[in-house]
Every structure is written in C-alpha cells, then in structure tokens.
Amino acid sequence: MIPLLETALAFAMIMLTASLFVSAVVQVIVNVGRYRSRVLVHMLRSLMHGFRAFHRDPDVVDPATGRPARDALARNEACEMRFVHEVLADPVLHARSAELVYGSDPARLALLVEYIDADDLITIAAGASATVDGEGRERLLPARWVSCGQGGPGAVKRYATVEQFAAYVRRWFPTLEGTASQTFKQRARQLTLLVSMMLVVLFNFDGFQVLARLHQGGASRAQVVAQADTLTATAVRLGERPAGAPDERPDATLEDLGLEMQKTATLLDEANLGIGWQESWIVKRFGAYRGDLLAPRPTALQLLRDTLFWLAGLAFSCGMLSLGAPFWVTTFSRLIQMRNEVQYRKRQESASGVKPASGAPVVPARERAVARAS
C-alpha cells in the first residue's frame, strides 16, 4: 500500500511541478499580451453598444425592422471605442508613473487597466457629461461617445442621459462582467493547453515513463517527495490554490515569474526521471534500430509499437498538465493527508498489536482429526 501511495504522491508532485512551470509561462504571456485589459475593453464596448441598442438608437437598430442595423458594429466602432479609451484613461484609474510613461495616449493607457467597478464607471461618465438645461437637472453623455452615424460625432442623443446610463449599467454590468470573466478563463485554458503541448514536446515529457521509473525506484520517489515543502512554497508564490478556492493571484513581475520558472525547471531536471531528450528511451531505441548503439536491434514492428507507446505517453502528459495547477495542488494535498493517515494507522496497529497466547500449543486441524479417529 505504502509504495503504491508514494508512487502516486511522487507522480502528483511531478505533475504539479510541471503545471507550475506552465502556469508561470501562461502568466508571462497574459501579462505581456494584456489579455485581461483586452477582455475589459471588449466588455466596455459591448456595454455601450448594448446601451445604445436598448434605447433604439437609429445608428444601431434599424427603425423599420427593430433589428440590428447592417454593419452596425463596424460603423459604430469609432465612437464606442472612444468611450472605452476615455473612460479607461481617466487619471483615477492609473498610477502617476503610468501617466508619465504613456502621456496622453488614451488607447495605450486603456491597456493598463484590468478591472473597473460599476460605480466607478458611472462616476467617470457623470464627470464627463454636460448639462442640457439651465438648472443642470439633465446631464447627457458626451455626444462623441454615442454619435457615430448620421449627424456626425456632435449629434445630440436625448436618451443618453447619465441617469439612463447609470440604470443600464447597474442592471447589466454584472452579466457582462461574468461573461467577460468566462471569456478570459476560456482563453487562459486554451493558452494553458497550448503551452502544455509545447512543454511536453520540447522536454519529451513521457508520463508513462515517469510513472514506471517512480514505481521501480524507491530512491527516485524519496528524492521527489523530499521537495514537497519547496513545491508548496512555489505554488503559494504563484497564487495557485486548490480547486474551488478564491482566485487571488499576486501581482508578480516578469522577473518574479522568470525566477519561478527557473526553480520549477530545476526540480524537474533533478528528479532524473527520463524527462528530456538526452536520456530518452525512445531515442535509444531508434539509435539501436539504426545500429548507432551497442544494443539489441529491435524489429520494425517493435519500433512501431514503442513509438506508439511513446506518443501515448506524451498525450497522457499533455492531458494531465491541461488539468491545471489548482487540480494538482488539490490532488497533492489529498495524497499527503492519505499518506499521513495510513502511517498513523500503521503506528497505532503496531502499538496495540495482540501477541499470541502462551498457553497450550496450537494443533493443526489434520492432526486433531487423526487423534479423534484413533
């Protein structure tokens, strides 16, 4: 029981290590590519487009049919993106250093913002609004935000009051925010799968071979399990928590992520489990088939079988890594608890073991039968 459990624990640690490496790479790509910011930009544009469609703006909705106007998204991109950029470029949402670096370029400043609250959005829109009556009771959104078609960017849209916009935002912002969150998570999962495939191929990560070496070598298992504390600390620094826990990732810099990638790569290299091309068993099989190595030459059928088994091992590794670091953090924690429970029960059984009674000797059943017959 213990060797099998230790093999499962060591394998979970190897997969967690590789998953943390993948997670660090994904975070670097997400930060450099501004994935969160771009999803936020798309969400705010959808919000403004929906607000205009809700109030039957003729630039967005065909008055005759009541359906979306032809090429409405393309024709209204200019003013709706102007709304997005001006909102996200508001100084309240930026640090002073960012303003100094990017100056007054709203499009570049917008990509620095990864989150905005509904109340903040309403406040910024109200600050940019203008009064249409002498008493200031009715305030309209800037015409350049809602006028893209007939009349030009200066056309006044009477429906676009701050009050109407605030009501629409409070009603639909949670829905759009949830949709944007799901979009980002889906892109992150796709990116994780892509990075996992690249990692498996580049490092020749054969999951079946890793399992076999862990099962056969007690020293390899012990060496991997000995890194449990280091691996747990790395997972915490990368913000990886068990599945279902709140997603609270730290704001890691690119240098921090690079350091974590180096540490996880070192853990994989020191495990000595056949990961990599230098000690790959499939490379040796091909070398023996070509006669480059002093080893029994496999037949073409045996080489084909080994190649298919190797490809299956790569696919297995890719599938395991695509489960994500939170899954392996959870699995690792549960296996640690299971191992501790098994060790505790074994100690309890050893301490409370019942010794055989020192009375009359035990007579086998066959001898008792012979004695009765005589």
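Owing to the predicted nature of the structure, the values given are computational and were not obtained by experimental measurement.
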> Just how far is it from atom CG of L88 to atom CG of L40, taken to the nearest 0.5 Å?
5.0 Å
> If you measure from the Lys or Arg side-chain nitrogens to the Asp or Glu carboxylate oxygens, is any gap between D59 and R75 under 4.0 Å?
no
> Taking atom CG of L202 as the centre, report whether more than 12 heavy atoms of other residues, nucleotides or ligands fall under 6.0 Å from it.
yes
> R144 vs E86, test: salt bridge (Lys or Arg N to Asp or Glu O under 4.0 Å). Steps then yes/no.
CA-CA 11 Å; R144 61 184 180 276; E86 291 186 11; 3.0 Å; yes
> Hey, what do you get for CG (L214) to CD1 (I14), rounding to the nearest 0.5 Å?
6.0 Å
> Using the rule that two of Ile, Leu, Val, Met, Phe, Trp, Tyr join whenever any of their side-chain heavy atoms come within less than 4.5 Å, decide whether V25 and V201 are in one cluster.
no
> For K157 and D57, what are the C-alpha separation, side-chain angles and deciding distance, and is it a side chain to side chain contact (heavy atoms under 4.5 Å, CB included)?
CA-CA 8 Å; K157 300 294 179 71; D57 190 317; 2.9 Å; yes
> Suppose we screen for ring pair (Phe, Tyr, Trp, His ring centres under 6.0 Å). Which residues come up paired with Y159, at least two apart in sequence or across chains?
F51, H55
> What pairs with M197 under side chain to side chain contact (heavy atoms under 4.5 Å, CB included), at least two apart in sequence or on another chain?
L193, C318
> When rounded to the nearest 0.5 angstrom, what is the spacing between CG in L321 and CE in M198?
13.5 Å
> Not counting sequence neighbours, list each pair that qualifies as a disulfide (SG to SG under 2.5 Å) and has a residue in residues 35-88.
C79-C148
> Could you measure the distance from the CG atom of D90 to the NE2 atom of H85? Nearest 0.5 Å is fine.
14.5 Å
> Once you round to the nearest 0.5 Å, how far does CG of N340 lie from CG of L335?
11.0 Å
> Determine, step by step, whether V41 and M81 satisfy the side chain to side chain contact (heavy atoms under 4.5 Å, CB included) criterion, reporting the C-alpha distance in whole Å, the side-chain angles of both residues, the deciding distance to 0.1 Å, and the verdict.
CA-CA 8 Å; V41 167; M81 290 304 296; 3.6 Å; yes
> With heavy-atom distances below 4.5 Å as the criterion, would you say the side chains of V169 and D119 are in contact?
no
> Do any N or O atoms from the side chain of W145 and from the backbone of V84 form a donor-acceptor pair under 3.5 angstrom?
no
> Sequence neighbours left out, what pairs pass salt bridge (charged side-chain N to carboxylate O under 4.0 Å, His left out) with at least one residue falling in residues 169-181?
none
> So W172 and T175, side chain to side chain contact (heavy atoms under 4.5 Å, CB included) or not? Walk me through it.
CA-CA 5 Å; W172 292 106; T175 301; 4.2 Å; yes
> Could you tell me which residues satisfy side-chain hydrogen bond (donor to acceptor under 3.5 Å, both in side chains) with H215, sequence neighbours excluded, listed by chain and number?
none
> Main chain of Q27, side chain of N31: is a donor-acceptor contact present, judged purely on distance under 3.5 Å?
yes
> Taking I116's backbone N and O only, do any of them form a donor-acceptor pair with D120's side chain (distance below 3.5 Å, no angle check)?
no
> Quick check: do M338 and L9 have side-chain heavy atoms less than 4.5 Å from each other?
no
> Check V210 against F11 and note the closest heavy-atom contact, atom names and distance.
CG1-CD1, 4.2 Å
> With heavy-atom distances below 4.5 Å as the criterion, would you say the side chains of R187 and V39 are in contact?
yes
> Could you pull out all residues at least two apart from F54 that satisfy ring pair (Phe, Tyr, Trp, His ring centres under 6.0 Å)?
Y168
> Hey, any chance L194 and L314 share a hydrophobic cluster, counting ILVMFWY side chains that come within less than 4.5 Å of each other, even indirectly?
no
> In chain order, what residues pass the side-chain hydrogen bond (donor to acceptor under 3.5 Å, both in side chains) check against E341, with sequence neighbours excluded?
R345
> Might you point out which heavy atoms bring A288 and L293 nearest each other, and give the distance in Å?
N-CD1, 4.1 Å
> Taking all non-hydrogen atoms of both residues, which atom of Y289 and which atom of T299 are closest, and how far apart?
CE1-C, 4.1 Å
> Working to the nearest 0.5 angstrom, can you tell me the gap between I29 CD1 and R34 CZ?
14.5 Å
> So do the side chains of V162 and L140 get within less than 4.5 Å of each other, counting heavy atoms only?
no
> Is the CD atom of Q302 crowded by more than 12 outside heavy atoms at less than 6.0 Å?
yes
> Which pairs, with at least one residue in residues 303-332 and sequence neighbours excluded, count as a salt bridge (charged side-chain N to carboxylate O under 4.0 Å, His left out)?
R285-D306
> Please answer whether the main-chain N or O of A143 pairs with a side-chain N or O of S147 as donor and acceptor at a distance below 3.5 Å.
yes
> Would you indicate whether the side-chain heavy atoms of L211 and F316 approach each other to under 4.5 Å?
yes
> Side-chain heavy atoms under 4.5 angstrom apart, residues restricted to Ile, Leu, Val, Met, Phe, Trp, Tyr: same cluster for F205 and L311?
yes
> Against the six-membered ring of Y115, is R36 placed for a cation-pi contact (under 6.0 Å from the centre, within 45° of the normal)?
no
> Among all residues two or more places apart in sequence or in another chain, which pass the side-chain hydrogen bond (donor to acceptor under 3.5 Å, both in side chains) test with S280?
N204
> Could you list the residues that satisfy side chain to side chain contact (heavy atoms under 4.5 Å, CB included) with R290, not counting sequence neighbours?
D292
> Check step by step if side chain to side chain contact (heavy atoms under 4.5 Å, CB included) holds for V60 and H49.
CA-CA 8 Å; V60 178; H49 192 82; 3.6 Å; yes
> Please report the closest heavy-atom contact between F83 and L121, naming both atoms and the distance.
CZ-CD1, 4.1 Å
> If you take all heavy atoms of A125 and L141, which pair is closest and at what distance?
CB-CD2, 4.0 Å
> Determine whether H42 and R38 make a side-chain contact, defined as any pair of heavy atoms from C-beta on separated by less than 4.5 Å.
no
> Nearest heavy-atom pair of L16 and A325: which atoms, and what distance?
CD1-O, 3.9 Å
> With a 6.0 Å cut-off on the ring centroids, do F208 and F309 count as close?
yes
> Within the distance-only criterion (no hydrogens, no angle test), does the side chain of W328 pair as donor or acceptor with the backbone N or O of M320 below 3.5 angstrom?
yes
> Report yes if the side chains of F203 and W277 come closer than 4.5 Å at any heavy-atom pair, otherwise no.
no
> May I ask you to decide if G178's main-chain N or O and S181's side chain share a donor-acceptor pair within less than 3.5 Å?
no
> What residues form a side-chain hydrogen bond (donor to acceptor under 3.5 Å, both in side chains) with R45, not counting sequence neighbours?
E80
> Would you mind reporting whether F165 and V146 have side-chain heavy atoms less than 4.5 Å apart?
no
> Output all residues satisfying side chain to side chain contact (heavy atoms under 4.5 Å, CB included) with V26, sequence neighbours left out; order by chain, then residue number.
V22, V30, L191, T192, V195
